[in-house]
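Comments concern the structure below.
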Amino acid sequence: MINLLVTGKSGRMGQAVLQAAEANPAVTVTATHDAGEDLIKALTGVDCVIDFTMHKFTRELVEAALKNGTRLVIGTTGHTDEEREMVKEAAKTLPIVFAANYSVGVNTLFWLTSRAAQILTQDRFDIEVVEMHHRHKIDAPSGTARRLLEILNEETGTSYQTDIAHGRVGNVGPRKPREIGMHTLRGGDVVGDHTVVFAADGERVELTHKASSRLTFAAGAVRAAAWLADKPAGLYDMQDVLGLK
Ligand SMILES: NC(=O)C1=CN([C@@H]2O[C@H](COP(=O)(O)OP(=O)(O)OC[C@H]3O[C@@H](n4cnc5c(N)ncnc54)[C@H](OP(=O)(O)O)[C@@H]3O)[C@@H](O)[C@H]2O)C=CC1
Ligand SMILES: O=C(O)C1=N[C@H](C(=O)O)C[C@H](O)C1
């Protein structure tokens, strides 16, 4: 049995993780944490943390986990490059799953996007990414959209820093052949929609995933915690957990 600490207990995802953990006999939630509570105390006797909180909290969490030797499943998004680097460094010592999206469907979308880009960019298809989330989401583009862009960058030899056109506005001129458009929509209670558009003269391919319940992410994160139990130190993602690599 894996003893879990669920951080961000009162949050939308924290609540969903508590529900998903109850349904998985491999784990038991022995501790929870909310902003302002004693993290070191909460980590006592814990094998693994499932974290869906806020990017600024990740440093404190990683430092405490390093002291305790606690495994981490991190679902939080919106990290700075420095914060991402810090997680990578900690994974030299700790087993960590760090994924922008824990759903099986989105991880299949990652795989499909990679394959589609390999085939379609040979025929000069233009690529655009669109995401939509609920009105409360604070980071943009979503972590999932960012991961889609990174996959597209890898497959097309483009750069996240210089080749992404975020929400065009004004007299931007014709589309540059190498650019990838990124468009963020926010509204209502949308759980999470992502579309990758490949457009050429005379035809268009659209790959879309729509999440309708946070339980899909939460169940994936609990599955990742169980998978991580016998893994050595390293940085893993949900595609490792699902064997999609
Ligand atoms: N990887 C994935 O599959 C998914 C990732 N996410 C990501 O998970 C994160 C949380 O999303 P969601 O649950 O909707 O957000 P919520 O705002 O509903 O919940 C965030 C939780 O984190 C807590 N929190 C905020 N700041 C801190 C802090 N400094 N220290 C400790 N705890 C803190 C909040 O506590 P309080 O309320 O007291 O401030 C709250 O309990 C986001 O980054 C989101 O993008 C979401 C869905 C899926
Ligand atoms: O904040 C959310 O809600 C979500 N965040 C993740 C992201 O940023 O990609 C995953 C999911 O789409 C929901």
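Bear in mind the structure is a predicted one, so any value in this text is a computation, not a measurement. Counting starts at 1 for both ligands and their atoms, in listed order. All values below were derived from every heavy atom in this structure, side-chain atoms included, with hydrogens, water molecules and symmetry-related copies excluded.
At least one heavy atom of Val191 sits under 4.0 Å from some atom of ligand 2. Ligand 1 has at least one atom lying under 4.0 Å from a heavy atom of Lys137. Note on ligand 2: His134 sits in its first shell, one or more heavy atoms being nearer than 4.0 Å. Close to ligand 2: His194, with a non-hydrogen atom less than 4.0 angstrom away.
The six-membered or imidazole ring of Phe110 lies away from that of His194, with a centre-to-centre distance of 6.0 Å or more.
Close N/O approach between Thr76 and ligand 1 is not found [any backbone or side-chain N/O within under 3.5 Å]. Residue Gly75 places at least one N or O, backbone or side chain, under 3.5 Å from an N or O of ligand 1. Note: an N/O pair closer than 3.5 Å links Asp34 and ligand 1 by distance alone. Residue contacts with ligand 1: Arg214 is placed with no nitrogen or oxygen under 3.5 Å of a nitrogen or oxygen of the ligand (distance criterion only).
Among all non-hydrogen protein atoms, the one lying nearest atom 9 (O) of ligand 2 is Thr144 OG1, 2.5 Å. Protein heavy atom at the shortest distance from atom 45 (O) of ligand 1 is Thr77 OG1, 2.6 Å. The protein atom (non-hydrogen) at minimum distance from atom 14 (O) of ligand 1 is Arg12 NE, 3.0 Å. If you check which protein heavy atom lies closest to atom 39 (O) of ligand 1, you get Ala35 CB, 4.3 Å. Atom 1 (O) of ligand 2 has as its closest protein heavy atom Lys137 NZ, 2.9 Å. The nearest heavy-atom contact from the protein to atom 30 (N) of ligand 1 is Phe57 CD1, 3.3 Å. Among protein heavy atoms, the minimum distance from atom 19 (O) of ligand 1 is reached at Gly11 CA, 3.3 Å. In this structure, atom 12 (O) of ligand 2 lies nearest to the protein heavy atom His133 NE2, 2.6 Å. Annotation: atom 9 (C) of ligand 1 to nearest protein heavy atom, Thr53 O, 3.3 Å.
Here Phe52 has heavy atoms under 4.0 Å from ligand 1 in both its backbone and its side chain. The parts of Tyr102 lying near ligand 1 are both backbone and side chain, judged by heavy-atom distances below 4.0 Å.
The distance from ligand 2 to the heavy atoms of Asn101 drops below 4.0 Å at these ligand atoms: 10 (C), 11 (C), 12 (O). Of all the atoms in ligand 1, the ones that sit under 4.0 Å from a non-hydrogen atom of Met13 are 13 (O), 46 (C), 47 (C). Taking a cut-off of under 4.0 Å to the non-hydrogen atoms of Ala99, the atoms of ligand 1 that pass are 1 (N). Interface of Ser142 with ligand 2, defined as ligand atoms under 4.0 Å from a residue heavy atom, comprises 7 (C), 8 (O), 9 (O). Against a heavy-atom cut-off of under 4.0 Å, Thr77 is close to the following atoms of ligand 2: 7 (C), 8 (O).
Comparing Gly78, Ala100, Gly143 by heavy-atom distance to atom 10 (C) of ligand 2, the nearest is Ala100. Closest to atom 1 (N) of ligand 1 by heavy atom, among Gly143, Gly8, Ala100, Gly14, is Ala100.
Shortest non-hydrogen contact noted between Cys48 and Ile2 is CB-CG2, 4.2 Å. The heavy-atom pair separating Met1 from Asp47 by the smallest distance is O-OD2, 3.9 Å. Of all heavy-atom pairs between Ala145 and Pro141, the closest is CB-CB, 4.0 Å. The shortest non-hydrogen separation linking Leu149 to Tyr160 is CD1-CE1, 3.7 Å.
Hydrophobic clustering (ILVMFWY, side-chain heavy atoms < 4.5 Å, transitive): Tyr236 and Ile50 are in one cluster. Note on Val97: it does not cluster hydrophobically with Leu94, by side-chain heavy-atom contacts below 4.5 Å among ILVMFWY residues. In the hydrophobic clustering of ILVMFWY residues, with side-chain heavy atoms under 4.5 Å counting as a link, Ile74 and Leu43 come out together. Grouping the Ile, Leu, Val, Met, Phe, Trp and Tyr side chains by contacts below 4.5 angstrom, directly or via other members, places Val29 apart from Leu5. The hydrophobic clustering, which links ILVMFWY residues whose side-chain heavy atoms are closer than 4.5 Å, places Val49 and Phe98 together.
In this structure, atom 25 (C) of ligand 1 has a protein heavy-atom contact shorter than 4.0 Å. Protein heavy atoms all stay at least 4.0 Å away from atom 37 (O) of ligand 1.
In this structure, Arg115 places its CZ atom where only 12 or fewer heavy-atom neighbours from other residues, nucleotides or ligands lie under 6.0 Å away. Counting non-hydrogen atoms of other residues, nucleotides and ligands closer than 6.0 Å to CG of Asp38 gives a total above 12.
Residues Trp111 and Gln239 have side chains in contact (heavy-atom distance under 4.5 Å, counting atoms from C-beta outward). A heavy-atom distance below 4.5 Å is not found between the side chains of Leu207 and Thr195.
Considering Thr158, Leu152, Val129, Asn153 in turn, Asn153 is the only one that fulfils the side-chain contact (heavy atoms from CB on, under 4.5 Å) rule with Ile164.
A cation-pi arrangement is absent between Arg223 and Tyr102 under the rule of less than 6.0 angstrom and at most 45 degrees off the ring axis.
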